[in-house]
Each structure stands twice: as structure tokens, then as C-alpha cells.
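These numbers come from the heavy atoms of this one structure, side chains and all, not from hydrogens, waters or symmetry mates. If you're wondering where the values come from, they're calculated on a predicted model, not measured in any experiment.
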Amino acid sequence: MMKVTTILITAACLAGSFSLYADAVSDREEAASSTGAYSVAGALRLPENVTKRDVYGMNVGWKLFKGEKVPEEAASLDVDDSSWESVNLPNGIELLPEEASGCSNYQGPVWYRKTFIPPSRLEGRRNTLYFEGIMGKSEIWVNGEKAAEHFGGYLPVIVNLDKWLKPGQKNVIAVKADNSNDASYPPGKPQEGLDFSYFGGIYRDVYLISTGPVHITDPNEAGTVAGGGVFFRTESLDPRTRKGKVGVKVQVANQTDKEQKVRVQAVMTDPKGVDPAGETVPLTIPPHSTGEVDIPLVLSNVKPWSPDNPDLYTLSVEVWDAAGGDHSKDPAHLLDNRSIRVGVRTVEITEKGLVLNGTLFPEKLIGGNRHQDFARLGNAVPNNLQWQDAVKLRKAGMRVIRSAHYPQDPAFMDACDRLGLFVIVATPGWQFWGSGPFADRVYDDIRQMVRRDRNHPSVMMWEPILNETHYPADFAKKARDLVHEEYPYKGCYTACDAVAQGSQHYEVLYAHPVTGDKH
């Protein structure tokens, strides 16, 4: 039988144009920058002269209509939207009272439209729209044609534009977002009985991402179990010798009609940009297919990530045309590249407590639940306020944050990495089990949250269970197994309540102190 660790939890419920760059935080308890270098679709935005990947902010210049409209009218290319409200993203449909609970917010469909002219240089490239979050059930229309639909408000919505985008010409993106009650996707419970509000709208950032036909995939779009994009993990760490071993799994897509021979390079540099470690491996990708490499790296003079020293490495992954030679750095042969921040650290949860980087963590794990809403803004919280929330939690003495009850904004996760806050990532769900497609959408959420957040050193464990829910007998084990399928490496832990059905399958159980308990 699996050994189960029970954690005694004392938690408080806390509420809580386009900014990409930040100064480092020198004193994490007293100072913070509100202009953080936030990730873009899971990676850092690189200067134009060092990348073949273009990232365009799409937050500015949208039109908003609140209410039902015939889709063909609201989404058509030439509809007159001059009377619609002008808004920028993130947008929560409306400004709210400071205490916007009890379903006082607008519930129902809204329409967004953005008219823009993409650069002509995007012709012949692969172009996608990346929505960090659209609340509720959504439809995305491009130049009058329906391109995608999505159910759920807390994970990315990614739309391939290749069939519809017209570079150098007028284009229209139309989005229908509907936050009304709907039992077909999680959380599912009617909002009148829910202990938090959905609010609504396109309430997180949006980007247009352009790559060449040979490119590093996105894990949430690729749909590859334990793969897609860049997958980093720490294999081992010896604090005594300060040596570590890490693994970097990379998936590369080839959308051309020919076989592609490429070189995939992974290079890590420490927080000061020194002590680089890198390896390059060959990869042959059949036409209209994907290929994958798993690159081991050995690090010396390791600076481990921990709450008091949240040191972050820069991991740069580059894909080169092999025709340029084994060691060529001619920019003409660079096909794609991505850089992400990672932390080198090992986590083990034992009966004695948390073992971090080979050493028993000396403190109690004091923490709290965090909801994503903010006074008046609802859920449409910009990146700088996501950062400030994390700063406040850290200054209050928190060590661990449970994402109640859904994955948090990527900017909040970035802040937890940089400020040294552990995170328990929870799947959307609260006291509800639905019929029809509900279960499959829960399972998809579990996979998608692991794929989105797996590279964050702040992630201590995953909570794939539906909070306080009476679910079918086989659900708990399947939810737990999905997490381990998506993260099949050491340091992966799943958690649920000790009294929950199926809790015997989980590595970590939540419990409450009992009278006389001194722990």
C-alpha cells in the first residue's frame, strides 16, 4: 500500500497595457517591483534580435457588447461596433462594488471584438492566439468564421489562426464569453450556491504568437502526455558537492512537406548569468509530425531554489537547422528558441515533514488559500497587482499558498517563483459533480494545469481532486493517476482531504489538528 503523509493545515481564506519587464527584488521582505518580467505563454519574451519567434500583445483596443446577439452578426467582419464600449484587457465586463459577492455581478453572454492589421511578415508563418483565460464557455471567431470554442475559465485557450489570418489586411477577432451557470464544465455548481464568483470576460492577457513552420510546440496546445513544449525537471541535487543533474525534454513540430534534420540545444545559466551548462542533440522530424529529445545537463556550483533563496536559472532552448553545421551559430539557421526561468530543487514529503534539497525544512508550513478577485476589478487583475498580492502574502509570513479553487494567473505563479512561495495547484471544482461531458472536462483540466505549471519551482504539490465533492468511486484514483502520467518524475505529489473518498490513493492528506495534538 502507498505510504500516505498527513499534513495538518491551518489556512486563512484570502482574496486577493501589457507589462513584461522587472528589476530583481533585492530584499524580498521589504521591497518589490510591480513591473515584473512576466512569462508569455510559459516563456520569457526575448528581444527581436535574438529570436525567430514573434510575440505581440493583444490587450489594447477591444470593443465590448454586454448581452445576447446573433453570432453571425456580432462575429461578422463588417458589423458596426462603433457604439460598443471601448475596453482594454484584462477586462471583467464591469467595475464592481468592493464586496462583489452574492452574484451581484453580471452573468450572461458578452461579445468582444478587435480589429487590427497584422504585419505582412507573418505571411507563411504559423500564427496562434493565446488567451490566458476567458471566463466560462467561449467561442472565438476569426474574420467571420468560428475558429474554436472552449469550456472553463482558468486555463489557456489557444487558437491556430493559419486558416483565417490575413497579414497586411484588416482582420477581426470576435469572442463570445458567457459566465452563466452551466453544469457541463467545472466548477459547475450554480453560482448562487458557490462560495466564490466567476465574474466574467477576457480577464487575463492575450497574445498573438508567430513562429516558423519548424518550431517548439506549446504543451497545452500539443496535447502530448508528459510532453509538448519544454519540460524541465531536477533529477538529483547534492548540496555537499553543489552538483546537480537536470533533464530538459523538448518537443519540436515540423509543419513542412519535407523531413527536417535539426539540432536542439539546451543551455542553463545561473542567476548571475554565469556557470553555463549546455548540450546539443540531433533530431530528425518526419514531415507534418513532431519529434522529441530529452537532454540531460550536469550543473556545478548549484544555487538551489528555496523560499529564503529563490534563485532562478535561465534555461534557453534553441532549434537550429542542421544544414548549418554542427556548431554553426549563423542566425539564418536559427529556427526557433524559447527561454524560461527554472529553479533547481528537490522536494520530498515525508512523515517527518518537507525535505527540501536534501534537508528537512526547519519551519512549519504556514499558508493560506488565495482567490484571484480584487476589489472593484473582480477577476480582471493586471500583472502588477498579481505581483503585489504575492508580496503581501510573503510579507505576512506565508510559506505556502493553495490556489483556491483553480489555477491562478501565470503572473502570480511567476511571482511565487521569484519571491519564494510554495504553491499547491488545484483543479477547478467545488462541491459539485455533473453529468454528460463534465467528467471528461475535469480530466482535461487536470492534464492542462500540470502542463501549464510543471516548470515552476514554486509548485510543491498538485490537488486534482474536486474540493468537498461527492464524486464517483473511481474518480479519486483516476485524477491522481492523471497527474503522475503528466509528471512521471520524482518530486510529484498529489493531495486531498483525509476524509475524502479515495484518499488512500494520495501521497499527501489534509487534516485538522485534534484536541491535544501538539504537532
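Remark: the backbone N or O of Gly429 is not paired with any side-chain donor or acceptor of Asn467 at under 3.5 angstrom. Judged purely by atom type and a 3.5 angstrom limit, Asn179 uses its side chain to pair as donor or acceptor with the backbone of Gly108. A distance-only check finds a donor-acceptor pair linking the side chain of Asp218 to the backbone of Glu221 [under 3.5 Å]. Under a 3.5 Å cut-off, the side chain of Trp305 and the backbone N or O of Asn357 do not form any donor-acceptor pair. Remark: the backbone N or O of Arg53 is paired with a side-chain donor or acceptor of Thr51 at under 3.5 angstrom. Remark: side-chain polar atoms of Lys114 are not paired, donor with acceptor, to backbone N or O of Val175 under 3.5 angstrom. Of the possible polar contacts, none joining the Asp417 side chain to the Leu312 backbone as a donor-acceptor pair under 3.5 Å is found. The backbone N or O of Tyr56 sits nowhere less than 3.5 Å from a side-chain atom of Arg45 that would complete a donor-acceptor pair. For the pair Thr128 (side chain) and Asn160 (backbone), a donor-acceptor distance under 3.5 Å is absent. The main-chain N or O of Pro437 is never found under 3.5 Å from a side-chain atom of Ser184 such that the two would form a donor-acceptor pair.
Tyr130 places none of its side-chain heavy atoms less than 4.5 Å from the side chain of Met58. At least one side-chain heavy atom of Leu237 sits under 4.5 Å from a side-chain heavy atom of Pro304. A 4.5 Å side-chain heavy-atom check between Phe475 and Thr469 finds every atom pair outside the cut-off. A heavy-atom distance below 4.5 Å is found between the side chains of Met413 and Val425. Using a 4.5 Å heavy-atom threshold, the side chains of Val248 and Val250 count as touching. Proximity of Pro187 to Phe196: side-chain heavy atoms (C-beta onward) are separated by under 4.5 Å at one or more points. Between Gln372 and Val381, every side-chain heavy-atom pair lies at or beyond the 4.5 Å cut-off. Considering only heavy atoms from C-beta on, Asp445 comes within 4.5 Å of Leu155 through its side chain.
Partners of Pro271 under the side-chain contact (heavy atoms from CB on, under 4.5 Å) rule, at least two apart in sequence or in another chain, are Lys303, Asp311, Tyr313. With sequence neighbours left out, the side-chain hydrogen bond (donor to acceptor under 3.5 Å, both in side chains) criterion links Tyr112 to Asn91. Applying the side-chain contact (heavy atoms from CB on, under 4.5 Å) criterion to Tyr185, with sequence neighbours excluded, gives Lys137, Phe151, Asp182, Arg441. With sequence neighbours left out, Lys392 forms a side-chain hydrogen bond (donor to acceptor under 3.5 Å, both in side chains) with no residue at all. Shown here are the side-chain contact (heavy atoms from CB on, under 4.5 Å) partners of Ala174, two or more places apart in sequence or in another chain: Ala75, Trp111, Arg113, Trp141. Arg402 meets the salt bridge (Lys or Arg N to Asp or Glu O under 4.0 Å) test with Glu463; sequence neighbours excluded. In this structure, Asn379 has no side-chain hydrogen bond (donor to acceptor under 3.5 Å, both in side chains) partners at least two apart in sequence or on a different chain. Contacts of Ala411 classified as side-chain contact (heavy atoms from CB on, under 4.5 Å), with partners at least two apart in sequence or in another chain: Tyr38, Asn383, Gln386, Asp409. Checked against side-chain hydrogen bond (donor to acceptor under 3.5 Å, both in side chains), Asn220 has the following partners two or more places apart in sequence or in another chain: Gln448. Remark: Glu486 pairs with Arg447, Arg451 by the salt bridge (Lys or Arg N to Asp or Glu O under 4.0 Å) rule, at least two apart or across chains. Applying the ring-ring contact (aromatic ring centres under 6.0 Å, His included) criterion to Tyr106, with sequence neighbours excluded, gives no partner residue.
Closest approach of Leu421 and Met398 over heavy atoms only: CD2-O, 3.4 Å. Closest heavy-atom contact between Val483 and Cys492: CG1-SG, 3.7 Å. Listed here is the closest heavy atom pair of Pro464 and Ile446: O-CD1, 3.6 Å. Nearest heavy-atom pair, Asp205 versus Pro90, reported as atom, atom and distance to 0.1 Å: OD1-CD, 3.9 Å.
Taking OG1 from Thr346 and CD from Glu348, the interatomic distance works out to 8.0 Å, rounded to the nearest 0.5 Å. Rounding to the nearest 0.5 Å gives a distance of 5.5 Å between CD1 of Ile202 and CZ of Phe131.
In the model, Gln251 has a side-chain atom that pairs as donor or acceptor with a side-chain atom of Thr217 under 3.5 Å. Checked by atom type, the side-chain pair Asp336/Thr211 shows no donor-acceptor distance below 3.5 Å. Side-chain contact annotation: Thr314 with Ser339, donor-acceptor N/O pair under 3.5 Å absent. There is no side-chain donor-acceptor pair under 3.5 Å between Asn105 and Gln191.
The pair Asp308-Arg394 counts as a salt bridge, with a side-chain nitrogen and a carboxylate oxygen less than 4.0 angstrom apart. With respect to the salt-bridge test (charged N to carboxylate O, under 4.0 angstrom), the residues Asp389 and Arg370 qualify. The pair Glu507-Arg480 counts as a salt bridge, with a side-chain nitrogen and a carboxylate oxygen less than 4.0 angstrom apart. Ion pairing between a basic and an acidic side chain is recognised when a charged N comes within 4.0 Å of a carboxylate O; Asp481 and Lys477 show such pairing.
Taking the six-membered ring where tryptophan is involved, the planes of Phe422 and Phe361 are perpendicular, since the angle between them exceeds 60° and thus also 30°. Ring geometry, Tyr487 versus Tyr489: the interplanar angle exceeds 60°, so the pair is classed perpendicular (tilted spans 30 to 60°).
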### Task
Could you go through the side chain to side chain contact (heavy atoms under 4.5 Å, CB included) check for Cys496 and Tyr510 one step at a time?
CA-CA 6 Å; Cys496 76; Tyr510 303 140; 5.7 Å; no
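The ring of Tyr406 has its center closer than 6.0 angstrom to the ring center of His371. Centroid-to-centroid, the aromatic rings of Trp433 and Phe438 come within less than 6.0 Å.
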Acceptor/donor pairs from residues 227-234 side chains to any protein atom, 3.5 angstrom cut, sequence neighbours excluded:
from: Arg233; atom 1: NE; to: Glu235; atom 2: OE2; distance (Å): 2.9
from: Arg233; atom 1: NH1; to: Asp294; atom 2: OD1; distance (Å): 2.9
from: Arg233; atom 1: NH1; to: Asp294; atom 2: OD2; distance (Å): 3.4
from: Arg233; atom 1: NH2; to: Glu235; atom 2: OE2; distance (Å): 3.1
from: Arg233; atom 1: NH2; to: Asp294; atom 2: OD1; distance (Å): 3.3
from: Arg233; atom 1: NH2; to: Asp294; atom 2: OD2; distance (Å): 3.0
from: Thr234; atom 1: OG1; to: Arg345; atom 2: N; distance (Å): 3.3
from: Thr234; atom 1: OG1; to: Arg345; atom 2: O; distance (Å): 3.4

